[in-house]
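Working notes for the structure below.
The figures here come from the full heavy-atom set of this structure, side chains too, leaving out hydrogens, waters and symmetry mates. Order of the sequence lines sets the chain letters (A, B, ...), proteins ahead of strands, with each chain counted from 1. In this text, all values refer to a predicted model and were calculated from it rather than measured experimentally.
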Amino acid sequence: MATDTNKFQAIISHCKEYGFIFQSSEIYDGLSAVYDYGQWGSELKKNIRDYWWKSMTQMHENIVGIDAAIFMHPTTWKASGHVDNFSDPMIDNKDSNKRYRVDHLIEAHADLLEKEGKKAEADALLASMDALLAKDDLAGLKTLIEDSKIKCTVSGTANWTDVRQFNLMFSTQLGSVSDEASEIYLRPETAQGIFVNFLNVQKTGRMKIPFGIAQIGKAFRNEIVARQFVFRMREFEQMEMQFFVRPGTEDQWYEYWKAERLKWHLSLGIPAERYRYHDHVKLAHYAKAACDIEYEFPIGFKEVEGIHSRGDFDLSQHQLYSKKKLQYFDNEINQNYVPYVIETSIGLDRTILLVLSEAYTEEDLSTPEKQDSRVVLKFPPKLAPIKLAVLPLLKKDGLPEIARQIMDTCKPHFYCFYEEKDAIGKRYRRMDAIGTPFCITVDHQTKEDNTVTIRYRDSMQQERIPINKILEIVQKQIN
RNA sequence: GCGGAAAUAGCUCAUUUGGUAGAGCGAUAGCUUCCCAAGCUAUAGGUGGCGGGUUCGAGCCCCGUUUUCCGCUCCA
């Protein structure tokens, strides 16, 4: 796997130095795996978000968007399987690095004792375990494991970590009185907000299968290991679409969305060889088929987006737990059924890292006379935080006034940036560093014939254009 | 979570065995400048991640902690 650690480090530094991404709460030493988007990072994020949203909703007549709350009824997560799969105390063996569920480990040891004819000892052990589990006494559980001399079956040692409660979901209290009943979770995925609103949207939108519901929003996972910059964060943003189809047609729709989503990535102008599909062999509890779209980051091929065929798992589960019918009457076949679901789920933060990785370029511009280089972010113009910089060549002779007029004309249409400080070359380079695709320079000739030079970021070429063509030229490139 | 490495100015890094911190780039202000990091002048930025300890004295040694990166592990 080709990796380029130096490039990854350089991108992280660049992101901080030029106002894209900062570590959260940095003045307090930061918070692990939590990041803030700065002035240009937030623009970039918004542009990517908007591009996805538009391509999903506006461009598909049968897909609509929603914006569900982060807080959801606690039963949601019982139905989805999130509570049961992630609430058991675990312990790791330090030598084999194997992780065990504490109850499984102790029960296995009790079985062993029983086979050795020590039934009383085994029963006592299980009784102690149940008492400790009931009290959530994790330290007590570890002591129990150590006192019983329970060994790892792989390493054969009793070199254990502390017992820890693994729950990927963050919990908090709803209401000011904290008791068991009011505990709720921050959603670990946005998908459930779509499933619980399936009927609302289908009925009020008069949606006919096949149709989709899209959503963009924050999700929270208390990852054990969260690393690699914004690639894996504890608070992150997902862009998801659940596509509801007639049972029996799910395979063709799965293939359709697999292809369709890759097309979206390629529409950003990113070379196809940077992407690959990774089909899952081992499937999650809900999945019938699943694949990832992986992008070749500087740290290797990594998942950016998942396409999953979820069957009727989610809607059926919610139907079971809520006791509300979540079905669709299909006029074409005259049948009621729980629709099958194809999910496309892309990480917004990962997409930002993808776009940054693709855009980040160090160029050597040296000539025999002079050493020269630049760092340029070659964003697709439609994603660039700033679309146009307006630069008077000199800050005198009335040039700033003309530049200001151009600013006023363009500002309402796209993000513009005005700058008169420093030599023109330096200003160009500064714009390169934050990925501004176009620079307009006002010079003395402008006063005579109302033309300016437009300088292109990637080629560094310039051409002379009339002032009244600026809007048209830039807008053509960013749409 | 295990193991490894690291943390000094916005960035990249110095500070040779412990003696109260510097550079380049960048930034800000001004002068100059007719198209690619130019030049000149001035200015601002660090209780050396944080907390203890050893010492007459710690950026440097020791312990803890936080954060980051790498490998393994995990990843609905």
Side-chain angles (χ1 to χ4, degrees), chain A residues 3 5-6 8-10 12-19 22-35 77 80-86 90-99 155 159-164 166 168-169 188-189 191-192 219 221 223-229 231-232 280 282-287 290 292 299 302-303 306 308 310 313-314 343 345 363 365-367 370-376 391-397 399 421-433 439-447 452-455 457 460-462 464:
Chain A
T3 60
T5 307
N6 290 339
F8 194 58
Q9 300 289 0
I12 294 170
S13 295
H14 193 85
C15 281
K16 190 194 170 187
E17 193 172 356
Y18 289 93
F22 309 120
Q23 182 156 28
S24 164
S25 321
E26 198 188 0
I27 62 169
Y28 293 109
D29 284 340
L31 191 60
S32 180
V34 185
Y35 291 90
W77 307 112
S80 70
H82 286 81
V83 171
D84 288 340
N85 287 340
F86 290 95
M90 309 283 276
I91 192 166
D92 291 6
N93 183 276
K94 290 183 189 174
D95 298 313
S96 63
N97 284 327
K98 184 140 172 62
R99 180 167 295 162
S155 66
N159 187 11
W160 299 106
T161 62
D162 287 340
V163 174
R164 288 154 304 168
F166 280 76
L168 216 53
M169 288 193 290
E189 65 175 26
Q192 300 305 324
R221 291 183 193 177
E223 301 278 359
I224 313 302
V225 179
R227 264 198 313 223
Q228 290 170 318
F229 198 42
F231 187 80
R232 179 166 290 133
H280 290 202
K282 217 176 87 183
L283 295 173
H285 61 272
Y286 58 73
D292 298 335
I299 49 176
K302 300 271 183 185
E303 176 189 355
H308 300 232
R310 298 177 75 125
F313 177 83
D314 300 278
E343 167 188 84
S345 173
E363 286 181 352
L365 304 173
S366 296
T367 57
K370 182 178 160 201
Q371 283 233 318
D372 195 9
S373 66
R374 68 168 183 163
V375 172
V376 49
L391 316 168
L393 187 61
L394 300 173
K395 54 183 165 188
K396 61 179 184 185
D397 303 337
L399 302 185
K421 170 74 183 165
D422 289 321
I424 191 68
K426 192 173 230 172
R427 282 180 272 167
Y428 286 152
R429 298 301 171 84
R430 265 201 289 257
M431 286 299 110
D432 288 342
C439 292
I440 291 291
T441 303
V442 176
D443 58 20
H444 287 87
Q445 192 185 329
T446 308
K447 293 200 288 189
V452 292
T453 54
I454 182 166
R455 180 260 192 188
R457 175 195 65 200
M460 298 173 75
Q461 297 296 309
Q462 322 187 19
R464 194 116 206 136

**Asked** So what is the 5' to 3' dot-bracket string for RNA chain B, if pairs are Watson-Crick or G-U wobble with both distances under 3.5 Å, crossing pairs use [ ] and | means the partner sits on another strand?
**Response** (((((((..((((.....[..)))).(((((.......))))).....(((((..]....))))))))))))....
For the side chain of [X], starting at C-beta, report the closest nucleotide among [options].
| X | options | value |
| --- | --- | --- |
| Asp29(A) | C11(B), G49(B), U67(B) | G49(B) |
| Ile299(A) | U66(B), C69(B), C70(B) | C70(B) |
| Met460(A) | C11(B), A76(B), C36(B) | C36(B) |
| Asp372(A) | U67(B), C75(B), A37(B) | A37(B) |
| Arg429(A) | C75(B), C11(B), C36(B) | C36(B) |
| Gln228(A) | U12(B), C70(B), G26(B) | C70(B) |
| Arg430(A) | G49(B), U28(B), A76(B) | U28(B) |

Gap in Å between the two [atom1] atoms, one belonging to [N] and one to [M], rounded:
| N | M | atom1 | value |
| --- | --- | --- | --- |
| A23(B) | G45(B) | C1' | 15 Å |
| G46(B) | A27(B) | C1' | 15 Å |
| C34(B) | C70(B) | P | 48 Å |
| U54(B) | U73(B) | C1' | 38 Å |
| A7(B) | U43(B) | P | 32 Å |
| C60(B) | U16(B) | P | 13 Å |
| G3(B) | C36(B) | C1' | 48 Å |
| G52(B) | G22(B) | P | 26 Å |

Give the rounded distance in Å between these two atoms: [atom1] of [X] and [atom2] of [N].
| X | N | atom1 | atom2 | answer |
| --- | --- | --- | --- | --- |
| Gln23(A) | G10(B) | CD | P | 15 Å |
| Phe229(A) | C69(B) | CZ | C1' | 12 Å |
| Lys16(A) | C25(B) | NZ | P | 20 Å |
| Ile12(A) | G10(B) | CD1 | C1' | 17 Å |
| Phe8(A) | U68(B) | CZ | C1' | 11 Å |
| His14(A) | G26(B) | NE2 | C1' | 13 Å |
| Asp432(A) | C36(B) | CG | P | 13 Å |
| Glu303(A) | A76(B) | CD | C1' | 11 Å |

**Prompt:** Taking the side chain as C-beta and beyond, is there a heavy-atom pair between Arg464(A) and Thr446(A) under 4.5 Å?
**Reply:**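 Of all side-chain heavy-atom pairs linking Thr446(A) with Arg464(A), at least one is under 4.5 Å.
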**Prompt:** Quick one: does His444(A)'s side chain get under 4.5 Å of Leu394(A)'s, heavy atoms only?
**Reply:**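 With C-beta onward as the side chain, the pair touches.
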**Item:** Chi-based syn or anti call at G49(B), which uses purine or pyrimidine torsion atoms and a 90° bound
**Value:**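 Because its glycosidic torsion lies more than 90° from 0, G49(B) adopts the anti conformation.
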How many angstroms lie between [atom1] in [X] and [atom2] in [Y], if you round to the nearest 0.5 Å?
| X | Y | atom1 | atom2 | result |
| --- | --- | --- | --- | --- |
| Arg455(A) | Met431(A) | CZ | CE | 10.0 Å |
| Asp314(A) | Gln192(A) | CG | CD | 5.0 Å |
| Cys439(A) | Met460(A) | SG | CE | 10.5 Å |
| Phe22(A) | Ile27(A) | CZ | CD1 | 13.0 Å |
| Arg427(A) | Leu393(A) | CZ | CG | 7.0 Å |

**Message:** Can you say whether a donor on the side chain of Arg221(A) sits under 3.5 Å from an acceptor on the base of C75(B), or the other way round?
**Reply:**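 There is none.
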Mind checking [X] for me? I need base, sugar-phosphate or nothing, with any heavy atom below 4.0 Å counting as a touch.
| X | value |
| --- | --- |
| Glu26(A) | nothing |
| Arg374(A) | nothing |
| Ala191(A) | nothing |

**Item:** 5' priority, RNA chain B, between Asp422(A) and Leu31(A) [closest heavy atom]
**Value:**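 The residue mapped nearer the 5' terminus is Asp422(A).
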**Asked** Want to settle it: does Tyr18(A) or Arg232(A) sit nearer the 5' end of RNA chain B, counting the closest nucleotide to each?
**Response**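 Residue closer to the 5' terminus by nearest nucleotide: Tyr18(A).
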**Request:** Going 5' to 3' through nucleotides 30-35 of chain B, assign each nucleotide B (protein heavy atom under 4.0 Å from a base atom), S (under 4.0 Å only from sugar-phosphate atoms) or - (no protein heavy atom that close).
**Result:** B--BBB
**Prompt:** Any ion pair linking Arg430(A) and Asp422(A) (charged N to carboxylate O, less than 4.0 Å)?
**Reply:**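 Yes, Asp422(A) and Arg430(A) are salt-bridged.
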**Message:** Does C36(B) have its OP1 or OP2 closer than 4.0 Å to a side-chain nitrogen or oxygen of Lys426(A)?
**Reply:**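 False: Lys426(A) side-chain N/O out of range (4.0 Å or more) of C36(B) OP1/OP2.
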**Message:** Looking at Ser32(A), I'd like to know whether one of its side-chain N or O atoms comes within less than 4.0 Å of OP1 or OP2 on U66(B).
**Reply:**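 Indeed not, no polar side-chain atom of Ser32(A) lies that close.
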**Item:** With Pro392(A), the side-chain contact (heavy atoms from CB on, under 4.5 Å) member among Leu399(A), Asp443(A), Asp397(A)
**Value:**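 Between Pro392(A) and the candidates, side-chain contact (heavy atoms from CB on, under 4.5 Å) is satisfied uniquely by Leu399(A).
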Under 3.5 Å: donor-acceptor pair, side chain of [X], backbone of [Y]:
| X | Y | answer |
| --- | --- | --- |
| His14(A) | Ala433(A) | yes |
| Arg232(A) | Ala33(A) | no |
| Arg221(A) | Pro188(A) | yes |

